[in-house]
Every structure is written in structure tokens, then in C-alpha cells.
Amino acid sequence: MISFHFYEVCSLAYCLLLYVQLLSSSNYLQLASASSTDEANALLKWKATFQNQTQNNLSSWAYPPSNNATNNPKIPCTWAGVSCNAAGSVIEINLTKSGLQGTLNAFSFFSFPDLEYLDLSFNKLFDAIPPQISYLSKLNYLDLSQNQFSGRIPPEIGLLRNLTFLSLSRNTFVGDIPHKIGNLKSLVELYLSKNQLKGSIPRSLGDLTSLTYLYLFGNQVSGSIPKEIGNLKYLVQLRLGNNQLNGSIPRSLAELTSLTHLSLRHNQLSGSIPKEIGNLKYLVELRLGNNQLNGSIPRSLAELTSLTYLSLHHNQLSGSIPKEIGNLKYLVELRLGNNQLNGSIPRSLAEPKSLTHFFLHHNQLSGSIPKEIGNLKYLVELRLGNNQLNGSIPRSLAELTSLTYLSLRHNQLSGSIPKEIGNLKYLVLLRLGNNQLNGSIPRSLAKLTSLTHLSLRHNQLSGSIPKEIGNLKYLVYLRLGSNQLSGSIPRSLADLTSLTYVSFDQNQLSGSIPKEIGNLKFLVHLRLGNNTLNGSIPRSLADLTSLTHLFLHLNQLSGSIPKEIGNLKSLAQLFLGDNQLNCSIPVSFGKLSNLEILYLRNNSLSGPIPQEIENLKKLSVLVLDVNQFSGYLPQNICQGGKLENFTASNNLFTGPIPKSLKTCMSLARLRLQRNQLTSNISEDFGVYPNLNFIDETILPVAYHLR
């Protein structure tokens, strides 16, 4: 039988235990409250150092005026971007895109012993990362990307052994990548891209065997790619592009069998592409462009059946394009341009029906363009220029109704331009120049109303320029030069008010220059030389105030030079030679302060050279030969110190050679023969240290037609 005394004792023990528990709980709450207070004070102290107190998103970071901080454990757990555990201790600070502008120098790292997550990305934080960051021993997520941090990456980051995510990308960090980062064995994602890091890639990165993402692109990292990276069996994305890496591509990369994205572009890598890359069965993107890789394209790439993006451009690859690449059914972009590839374009390349970008330009490819390319219905850009392709332009290209960019320039293509090209309604750039195309310009091109660039130059095109070309309202760049085009310049050209570049030179165009050309307010280059244009130079050209190059030479233009041309303040090159122009050089030419070349030879110009020509301080070439100029040569013709070529033979100049010419150190060519000058040119020859007399025309054709 249990006595009453027993119950008294047990009841007393129970009460004592309950009291201890309550006391412990009270102490725990006080400690938690004290911890929260310390963390709150630390955050407020850090906030006080920001340079933009009113522009950030931290308005909630404050003590309520009615509350005492010491008995409010919810502070700072209710503040923006701050999360706490059940005990009220801060475990997460997420202030991405919060408008912060300041440093981490006043951040009390030791005040946050339980912090697991710190995201300060997309702010304007600057200066170095303090080494005290190593106090955050529980941290598993650290994102400081998209800020303005500078200095070296502190090696103390290697002490954060619980980190699984580390991003320091898009800052201005310098120096080496700390080899101690290799101590972060739990790291799954590492982003150090877009900084100014130098030195080599530490071999210790090969110890991060849990890594799935490794981004080092956009730095100045040099040396070879460590073969140890092949140890990262779980790596999904490896991006090392835009650095200064050299040496060969290590074969060990073929061990990364989980890889989906491999980018080594824009480096100085050499040697051949390892055939073992064909083992990377899950590869979706392979970017090896802009290196110094040589040898042939390995056929094993055809094993990468998941590939959507293949870029090998700007290397020194040779040999033929493997027809097996046509097996890559999911390929969206194929970039093989700027290599030394030869042979024909495989018809099998038309098999990947998802292709949007097809780049084979700047190679040595020959043969015809396969008509099967017309099957690539989703193609947006087709670049086959700068090869040795021959035959005609296949009409099947008209089936590429999504095409915006078509370049076939610098080949040996012949035949006519298919009128069906007018079906490509979304075409923005059409470049067919430097071929052997003949026939007329199809009027159907006027249906390409999105066109901004049209180049048909250096062909054998004949007939007139279609007036319908005036429908191309967005045209910026129009090059039809070096053909056999005839007829007049269509007045509808004046409707193309966005034009900046017009080249009709070296054709057989006749008639007058339409005065409506003066409507083209944005025109920078106007090249009408080497035609049979007649009539006078329209005064409306003076409205082209953006003009830098005006070429009207080798025509049959007559009348005087409009004085209004002196208003073209941006003009750098003015070619009016080999016409039938008369009267004198307008005094207004003295206002052409940016003029570098003035070419007036072989006209019927007369009178003295205006003294205002001496104002042209940038003038380097002045060609006045075969006219009827008279009077003295301008005394200070070389005052600007830029004059290199001065020719004025076959005129009526009198008096001595100007002293400024005799001391013109820049002068390299001088022709003054067949005038009435009183100086002895042969005796004065010795005063020109760089001078070479020539009897030929001062400027080769290429010089004033380029």
C-alpha cells in the first residue's frame, strides 16, 4: 500500500522538474531574444553605411517605436529579405535587386552563426570581400553576382565547407582563382564568369566531384585546360569561353558524360578537335569557335544526336564537311564559317529540318548550292559568302519564307537573280555582290519591304534600275556599283529616306542627277562615279549635311560647281574630276574643315585657287591637274601639315613655288609641270625629304573608288 507521503514526494519532484523546464524555456527565450537583438543591431549598423538610404528596399529594417527590442524575438525576422529559424536566429538574407549601394566592410559576419543562405546579387555593392566571410560556417548558398566588387577573391572562401552554390560572376575581381576553392567538396554550382581574373585554372577544381555547373567565361584566364576537369563526372555545363586559354583540348573532357553544354569559344586553343568528344551523348550545345583549332572536323560529332547548336567558326579547320553532320536531326544552328574547309556542301546538311542559322561563309567550298537547302523551312540566316561556289542561285531558296539574312557574295555564281527571291517577305539583308550574275535586277525585289541592306555590286547585271526600288522604305544600304546598268537614276530613290549609303558607280547610267536626292537627309556615302551622267550638279546636294563621301568623277557633268557644297561640313572626300565642269572653285570650299581629299582633275575649271583653301587643315590630297587654273599657287597650302599629295600640272599657274611647299615635311608627291611657274622645280627637288616625282596620274583608280 502506497503512503500519502509518497505522493507528496513525487508531486514535489514533478513540480521541481516542471519549474526547471520553465526556467530553461525562459532562459532560452531570453537567449533567442538576445541573439535576435544582436543580429538586428548588426543589420542596422550595416544598413547605416549604405550610400543610398532612400533608394533601397530596406524601409522595414527598423525597430517599431512602441516596442522594446529586447522582448520582441520577431525582430529582425519580419524585415524584408530576412528569414529566421524556430529559435528566431537569422538563417537567410535574400536582398537580390534591392538597390543596395555600399560595401561589406561593416557587415558583422560573426554575428550570424546560423546563416545558411546569403543572396546580395543585382545590387551596386563594391570594394573587396572581407576575409571574415569565413565566419559563416553554416553557409551553403552565396550569391554576390552582378555587383561592383573588386580586389582578389579571398582564399578564406575555401573554408566555407558547407557551400553548395557560389556565384561571384559579373563583378571586377582580379588576380588568380584561389586554389583553395578546391576544398569546397560539397559545391554543386560555381560561377566566376565576367570578371578580370587571370592566371591559370587551378587543378584543384578537379576535386569538386559534385560540381554540375562551372562558369569561368569572360575573364583573362590563361594556360591550358587542366585534364583534371575530366574528374567532374556530374558536370552538366562547362563554360570557359572568352579567356586566353591555350594548348589543346584535353581528351579527358570526353569523360564528362553528363555534359549538355560545352563552351570553349574565344580562346587561343590549338590542335585538333578530339574525336572522343563524340562520347558526350547528351551534349546539346558545343561552342569551339574563335580559336586556332586545326585539322578536320571529326566524323564522331555525328554521334551527338541531341546537339542543337554546333559552332566551330573562326578556326583553321580544313578538309571537307562530314556528310554525317546531317544526322544531327535536332540541330538548330550550324556555324562553320571562317575556316579553310573545302569540297562541296553536303546535301545531307538539309536534313536537320529545325535549322535556323546556317553559316559556311569564308571557306574554300566549291561546287553548286544544293537545291535541297530549300527544304529548311525555319531557316532565318543563310551565309555562304566568300567561297568558290559556282552555278546558279537555286530557285528553291524562295521556299525559305522565314529568311531574314541571305549572303551569297564573293563567289562565282552565274545566271540571273531568281525573281522568286521576292517571296522572302521577311528578308532584311540581301548580299549577292562579287559574283558573275547577269540579266536584269528583278522588279520582284521591290516586294522585300523589310529590306535594310541590298548589295548586288560587282556583277554583270544589265538593264535599268527598277523604279519600284523606291518601295523599300527601310533601306539603309544600297550597293549596285560595278555592273552594266544603264538608263537614268530613278527619282523614286528619293523616297528611301533612311538611306545612308548609295553606290551606283562604274555602270553606264546616263541622264541627270535627280535633284530629289537632296531629300536623303541621312546619306553619308554617295558614289555615282564612272558613269555617263550629264547635266549640272544639283544644288540640292547641299542638303545632305551628313555626307562624308561624294564621288561624281568620270562622268559628263557640266556647268559650275555649286557654292552650296561648301555647307557640307562633314565632307571628307570630294571627287569631281574627269567631267566637263567650268568656272572657278567656290570660295565656300574654305568651310569644308573636315576635307581630306579634293579631286578636281581634268575639267575646264579656271581662275585662281581661292586663298580660303588654306583653311583646310586636314587636307592630305589636292588634285587640280588638267584644268585652266591661273594665278599664284596659295602661299600657305601646306599650313595644316597634312598635305601628302599635291598635283596641279597642265594649268596656267604663274609665279614661284610657295615657300610652304618647300618646307612641307609631309609631302610625298608633287606634280607642277606644264605651267608657267618661275621656280626651277629640279633645283628645288632637294628640299623635299620624302618626295617622289611621278609622271603617272596621282591617284590609282582603286584609291578613289574604294
Side-chain angles (χ1 to χ4, degrees), residues 321 323 325-326 331-337 341 343-363 365-461 466 468-469 472 475 477-480 483:
I321 301 171
K323 64 180 181 180
I325 286 181
L331 207 58
V332 174
E333 297 195 23
L334 176 61
R335 299 172 184 259
L336 305 180
L341 299 170
S344 60
I345 300 173
R347 297 181 186 279
S348 61
L349 294 188
E351 292 300 318
K353 297 298 190 290
S354 299
L355 265 181
T356 61
H357 293 71
F358 190 175
F359 292 1
L360 302 181
H361 58 291
H362 285 277
N363 278 289
L365 299 171
S366 57
S368 60
I369 300 172
K371 64 180 181 180
E372 289 83 356
I373 287 180
N375 298 333
L376 303 175
K377 306 298 184 184
Y378 298 104
L379 210 58
V380 174
E381 292 193 28
L382 176 59
R383 303 187 186 203
L384 304 179
N386 293 84
N387 280 289
Q388 300 165 20
L389 299 171
N390 54 39
S392 60
I393 299 174
R395 297 182 185 278
S396 61
L397 294 188
E399 302 297 322
L400 306 176
T401 52
S402 298
L403 211 59
T404 63
Y405 192 119
L406 175 58
S407 175
L408 308 178
R409 64 180 179 174
H410 287 278
N411 278 291
Q412 300 165 19
L413 299 171
S414 57
S416 60
I417 300 172
K419 64 180 180 180
E420 290 84 354
I421 283 183
N423 297 336
L424 306 178
K425 301 296 175 63
Y426 299 106
L427 210 58
V428 174
L429 289 99
L430 176 58
R431 292 178 171 170
L432 305 179
N434 292 84
N435 279 288
Q436 300 166 20
L437 299 171
N438 55 38
S440 60
I441 299 173
R443 297 182 185 278
S444 61
L445 294 188
K447 295 192 291 183
L448 306 177
T449 52
S450 297
L451 214 58
T452 62
H453 288 65
L454 174 59
S455 176
L456 307 178
R457 67 180 186 135
H458 285 282
N459 279 289
Q460 300 165 19
L461 299 171
E468 291 85 352
I469 211 165
L472 307 178
L475 210 59
Y477 194 90
L478 177 58
R479 300 190 77 170
L480 304 180
N483 279 288

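In what follows, residues are counted from 1 in the order of the sequence shown.
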From N438 atom CG to S414 atom OG, the distance as rounded to the nearest 0.5 Å: 7.0 Å

Exercise: identify the closest heavy-atom pair between E381 and L403: N-CD1, 3.9 Å

By side chain to side chain contact (heavy atoms under 4.5 Å, CB included) - contacts of P370 (at least two apart): I345, R347, E372, I373

Test log, rule side-chain contact (heavy atoms from CB on, under 4.5 Å), inputs L360 and R383: CA-CA 6 Å; L360 302 181; R383 303 187 186 203; over 6 Å; no

With a 3.5 Å cut-off and sequence neighbours excluded, list the donor-acceptor pairs that the side chains of residues 444-454 form with protein atoms.
residue : atom : partner : partner atom : Å
S444    : OG   : K419    : O            : 2.6
T452    : OG1  : V428    : O            : 3.3

Passing option when F358 is tested against L400, L349, L336, L331 for side chain to side chain contact (heavy atoms under 4.5 Å, CB included): L349

Distance (rounded to the nearest 0.5 Å) between N386 CG and N363 CG: 9.5 Å

Side chains of L365 and I321 in contact at under 4.5 Å (non-hydrogen atoms): yes

Counterpart residues, side chain to side chain donor-acceptor pair (under 3.5 Å), relative to E351 (two or more places apart): none

Euclidean distance, N375 CG relative to K353 NZ, rounded to 0.5 Å: 5.5 Å

Gap separating the OG atom of S354 from the CG atom of L376, nearest 0.5 angstrom: 9.5 Å

Inter-residue atom distance Y378.OH - H357.NE2, 0.5 Å rounding: 15.5 Å

Under 3.5 Å: donor-acceptor pair, side chain of N435, backbone of G415: no

Contacts of E399 that satisfy side chain to side chain contact (heavy atoms under 4.5 Å, CB included) - sequence neighbours left out: K377

Residue pairs involving residues 390-410 (criterion ring-ring contact (aromatic ring centres under 6.0 Å, His included); sequence neighbours excluded): none

Distance, nearest 0.5 Å, that separates CG of L397 from CG of L382: 6.5 Å

Shortest non-hydrogen contact between R431 and L429, atoms and distance: NH2-CD2, 3.7 Å

Residue list, side chain to side chain donor-acceptor pair (under 3.5 Å) with Q436, at least two apart or on another chain: none

